[in-house]
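First the proteins, then the strands, lettered A, B, ... as listed; each starts at 1. Everything numeric here is computed off the predicted structure, so don't read it as measured data.
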Number of protein chains: 2
Amino acid sequence: MKVTINDIAKAANVAKSTVSKVLNDAPSISEATKAKVRAVMREMNYEPSSLATRLAKQKGYNVGLVIDLSRKSDFLNASFYDIIGGVESVIGPLDYELTIGNIEHVGRERFVSRFVLGRKVDGLIMDNSILTPELARELNELNFPYISIGEIPGVAPLCWVDINNRRGAAMLASHLFTRGYRNPAFIGGERGDPMFEARVAGFRDALAAVESARDRANKPGFKPRERAAAAGALREEEIKAAARQKEKAAEAGPFMASGTVLPGYANEANGRRLVRELLALPSVPDAIICMSNLVAFGALEELREQGVSIPDEMGVATFDNRPLAPFTTPPLTCLDMDTFALGAAAGEMLMAQINGLETAPSGRRRWVEPELVVRRSTEKKAT
Amino acid sequence: MKVTINDIAKAANVAKSTVSKVLNDAPSISEATKAKVRAVMREMNYEPSSLATRLAKQKGYNVGLVIDLSRKSDFLNASFYDIIGGVESVIGPLDYELTIGNIEHVGRERFVSRFVLGRKVDGLIMDNSILTPELARELNELNFPYISIGEIPGVAPLCWVDINNRRGAAMLASHLFTRGYRNPAFIGGERGDPMFEARVAGFRDALAAVESARDRANKPGFKPRERAAAAGALREEEIKAAARQKEKAAEAGPFMASGTVLPGYANEANGRRLVRELLALPSVPDAIICMSNLVAFGALEELREQGVSIPDEMGVATFDNRPLAPFTTPPLTCLDMDTFALGAAAGEMLMAQINGLETAPSGRRRWVEPELVVRRSTEKKAT
DNA sequence: TTGAAAGCGATACCAA
DNA sequence: TTGGTATCGCTTTCAA
């Protein structure tokens, strides 16, 4: 039925070890026999058994992508295809396979044994909701290669890739300032969630940069660049924005960003609720940064119902381009995340680990930079 | 470093064949030795090598899900996570793994050899854009188990699972009639695409049922049920709808459904364009069924710009609930597809094939029934 | 440059 | 109820 290395050896009148060498293109085999053997292989439609190869080579050529199918993360859900695509794009050409593991059925405890000790895979990729600090420690002890999608602060020798959420939030806030908004708020997300914390931190970075610009506005020897750079990881455009904001502040009176942050599970209902809270504040913000598309959608709805005009009275910006940002009324200014690149980065780091390319400490984490997509929801008329 | 069956045998003072039997819980082994061996295994943290097991058993315990990452199907993209979840939910508990294969890197020709002859997997799941008739024939010849997601008309002994698109379209159209719309059109989709053809067929089923109801309206012995059932695969509610429509027709004058179908690649721009075409028709439809969310979104935009009120002057319904239907203005009536169930069905059929459960011809295809979700876009005021 | 034989880590059949 | 041994299909020394 199925043709094996022995069949080829017999048919080609050589030893099976010779066939094996031809398979691996060993330099010790003459071109003549190589050609002969290859001809036979082609003729008999031979394909080596990957199982046998992997057993003999003691290498799985397989990486595991572990997911928790019981938990429906909006983000993962929408970008899963892209992440897989990214991972595949780097491991595929290296002849590695991708197997999907569902932690739901395996169980958190038996998980390590099954995948790692059972040598099903040579490396693991998982998101930070699965990769608990304990699991990380266990894998570290076993010296087993793995990558986390999403940062995990605290666990020491850990490799991760993540969207640069902190910079992203700063970009969003800075964009709002550039557009003339003066008091942005941040809504949605849960305390303790690393992604939320990173974004809030970025939000504060931008506020600090702008405030610092204002404070120094009239002092001699003011250097907005250095100031802003010191306040957080800001880019040149953002620093320029801060400088411009400085001038605006002079014209438009005191700068009042209160930096309101209202957490809440990121769904539509909370988007609405948090906007109501915002509108009841003593100093009502004039712009909102939303944790997710759903929050933003809820916010948009509520603002419409309350008769608040977007973008003139209130600017709205959000994280993620998908699935809704281009399709709301008005379309939402947002941060587009390159999730394919995220997957590819994870794949690359994992391959580097597996193949023992010792990663310098700096190479142990990789940020994928988000991209600002400007749409009508923040197109404030020039004031 | 890693502990194997030999280590266990030595440590437990038994033959390795005995250990193997314990591993497989063979009845011939005494409880005493089982307990002893198991204790040793636990102590030594032993986990059998899946590679070795699979080689020895000559079974891969692995199914391949083949995708074409270069092609971005909106549908697959959005539901990929769910489909995977569905597949996993049935194969996981059976100790099968899921490996993702990207046909982009493998190449269409070398694909069969790699996956099938290379015995990487025991079965294949792929969508109908990958599973060409030639490939199907090849797999049939090899007697290799595979399932197509999405029907492929024509290829004889082929297993597939699919959303019941024909019934879905009929449900949508029938819903429109029930709501008092009288001349629905269908826009978007490409001729030759099985999904498009199936939906158009369902659309016509519903038209035929209603027309038949009208034709017989005043004749004695009219039996709407039998009539409608004969016209297409319609459900009871739909038949009732047809009957009600009959009465409406009597009050409201002649029934005029022209059954306009306007194909076009399913994107936003075509949604707009096709709506313009619709509005220029001699007999302008009063309702639209859209091939996809993007088409529907374009349609909504265009209608708004043209000042056509939804749902009063024009009803709009669409396929798919995701990603936009709940979030448009007005929210879209749609057909929600249970893609998790689709994946699960594919997994079940594949497992049945792999395990040689001879599937009766009737079991060779499985429809997943869509669900109608009614929203404001078709809430015509009672006339 | 080629071949023979010993693994890789399990399973499975046949004796004991 | 257990143990010995061939086997799965390929790789990898080590001799020839």
Side-chain angles (χ1 to χ4, degrees), chain A residues 1-38 40-41 44-62 95 113-114 116-122, chain B residues 1-38 40-41 44-62 95 97 113-122:
Chain A
M1 174 67 222
K2 43 187 71 167
V3 22
T4 76
I5 198 173
N6 291 301
D7 303 323
I8 301 297
K10 230 162 281 172
N13 253 312
V14 292
K16 76 188 220 187
S17 56
T18 304
V19 178
S20 170
K21 282 162 195 157
V22 173
L23 239 27
N24 294 288
D25 203 24
S28 71
I29 301 294
S30 71
E31 282 308 320
T33 41
K34 271 185 189 171
K36 182 179 66 178
V37 172
R38 286 197 181 117
V40 175
M41 297 198 303
M44 302 185 65
N45 217 303
Y46 169 71
E47 188 74 21
S49 153
S50 79
L51 240 39
T53 306
R54 284 147 63 179
L55 177 58
K57 282 201 170 142
Q58 288 291 77
K59 210 173 169 216
Y61 288 103
N62 196 341
D95 268 317
S113 39
R114 291 262 303 216
V116 179
L117 301 179
R119 306 169 206 61
K120 288 195 177 192
V121 297
D122 313 299
Chain B
M1 171 68 223
K2 45 185 69 166
V3 23
T4 76
I5 198 173
N6 290 302
D7 303 322
I8 301 297
K10 228 161 284 172
N13 254 313
V14 292
K16 78 190 224 183
S17 56
T18 303
V19 178
S20 171
K21 282 164 196 155
V22 173
L23 239 27
N24 294 287
D25 203 24
S28 71
I29 301 293
S30 71
E31 282 308 321
T33 39
K34 272 186 189 170
K36 180 179 66 177
V37 173
R38 286 197 180 116
V40 174
M41 297 197 303
M44 301 183 67
N45 218 301
Y46 168 70
E47 188 75 19
S49 153
S50 80
L51 241 39
T53 306
R54 284 148 61 177
L55 177 59
K57 282 201 170 141
Q58 287 292 77
K59 214 178 164 207
Y61 288 103
N62 198 340
D95 268 316
E97 282 172 27
S113 38
R114 290 264 301 215
F115 266 67
V116 180
L117 302 179
R119 303 170 206 63
K120 286 194 177 192
V121 297
D122 312 302

Practice prompt. Quickly work out the B:K120 NZ to D:dC10 C1' distance and round it to whole Å.
Written response: 14 Å
Practice prompt. Using atom NZ of A:K10 as one end and atom C1' of C:dA4 as the other, report the distance to the nearest whole Å.
Written response: 15 Å
Worksheet item: Just how far, in rounded Å, is P of D:dG9 from CG of A:D7?
Response: 9 Å
Discussion item. Counting only side-chain nitrogens and oxygens, does B:Y46 get under 4.0 Å of the OP1 or OP2 atom of C:dA10?
Written reply: yes
Worksheet item: Are OP1 or OP2 of C:dT2 and a side-chain N or O of A:T33 less than 4.0 angstrom apart?
Response: yes
Worksheet item: What's the shortest heavy-atom distance between B:Y61 and B:D95, and which atoms?
Response: CB-O, 3.8 Å
Discussion item. Tell me whether A:K59 at atom NZ has more than 12 heavy atoms from other residues, nucleotides or ligands lying less than 6.0 Å away.
Written reply: yes
Worksheet item: So which nucleotide from D:dC8, D:dT11, C:dA10 ends up closest to the side chain of B:L55?
Response: D:dC8
Discussion item. For a quick check of understanding: with a heavy-atom distance under 4.0 Å over all strands, which category does B:N6 fall into, base, sugar-phosphate or nothing?
Written reply: nothing
Discussion item. Main chain of B:A26, side chain of B:K34: is a donor-acceptor contact present, judged purely on distance under 3.5 Å?
Written reply: yes
Fill in: Separation of C:dT1 P from A:K34 NZ (nearest whole Å)
9 Å
Worksheet item: Looking at B:S17, does any N or O in its side chain come under 4.0 Å of the phosphate oxygens OP1/OP2 on D:dG4?
Response: no
Fill in: Whole-Å gap separating C1' (D:dC10) and CD (A:E47)
13 Å
Discussion item. Nearest to the B:T18 side chain among D:dT2, D:dT12, D:dG9, which nucleotide is it?
Written reply: D:dT2
Worksheet item: When all nucleic acid strands are considered with a 4.0 Å heavy-atom cut-off, which category describes A:V14: base, sugar-phosphate, or nothing?
Response: sugar-phosphate
Worksheet item: Relative to the 5' end of DNA chain D, which residue comes earlier, B:S30 or A:S50, by the nucleotide with the nearest heavy atom?
Response: B:S30
Practice prompt. Return the minimal non-hydrogen interatomic distance between B:D25 and B:R38, and the atom names on each side.
Written response: OD1-NH2, 3.0 Å
Worksheet item: Looking across every strand, which nucleic acid part, if any, lies under 4.0 Å from A:S49 by heavy atom: base, sugar-phosphate, or nothing?
Response: sugar-phosphate
Worksheet, complete the sentence: Interatomic distance, OG1@B:T4 vs CE@B:M44, rounded to 0.5 Å, equals 8.5 Å
Worksheet entry | A:K16 NZ - D:dT13 C1' separation (whole Å) | 14 Å
Could you list the donor-acceptor pairs under 3.5 angstrom formed by side chains in residues 48-57 of chain A, with sequence neighbours left out?
unit_1: A:S49; atom_1: OG; unit_2: A:L51; atom_2: N; d: 3.3
unit_1: A:S49; atom_1: OG; unit_2: A:A52; atom_2: N; d: 3.1
unit_1: A:S50; atom_1: OG; unit_2: A:R54; atom_2: NH1; d: 3.4
unit_1: A:T53; atom_1: OG1; unit_2: A:S49; atom_2: O; d: 2.9
unit_1: A:R54; atom_1: NE; unit_2: A:G60; atom_2: O; d: 2.9
unit_1: A:K57; atom_1: NZ; unit_2: A:N24; atom_2: OD1; d: 3.4

Fill in: Phosphate OP1/OP2 of D:dG9 contacted by B:Q58 side-chain N/O (<4.0 Å)
yes
Worksheet item: Between the base of D:dG3 and the side chain of B:K21, is there a donor-acceptor distance below 3.5 Å?
Response: yes
Item to complete: Give one of base, sugar-phosphate or nothing for B:T4, where a contact means two heavy atoms less than 4.0 Å apart.
Response: sugar-phosphate
Worksheet item: Between B:N24 (CG) and C:dT11 (C1'), how many Å, whole number?
Response: 8 Å
Worksheet item: Roughly, in whole Å, what's the span from CG in B:N13 to P in D:dG3?
Response: 9 Å
Worksheet entry | Any B:T53 side-chain nitrogen or oxygen under 4.0 Å from OP1 or OP2 of C:dA10 | no
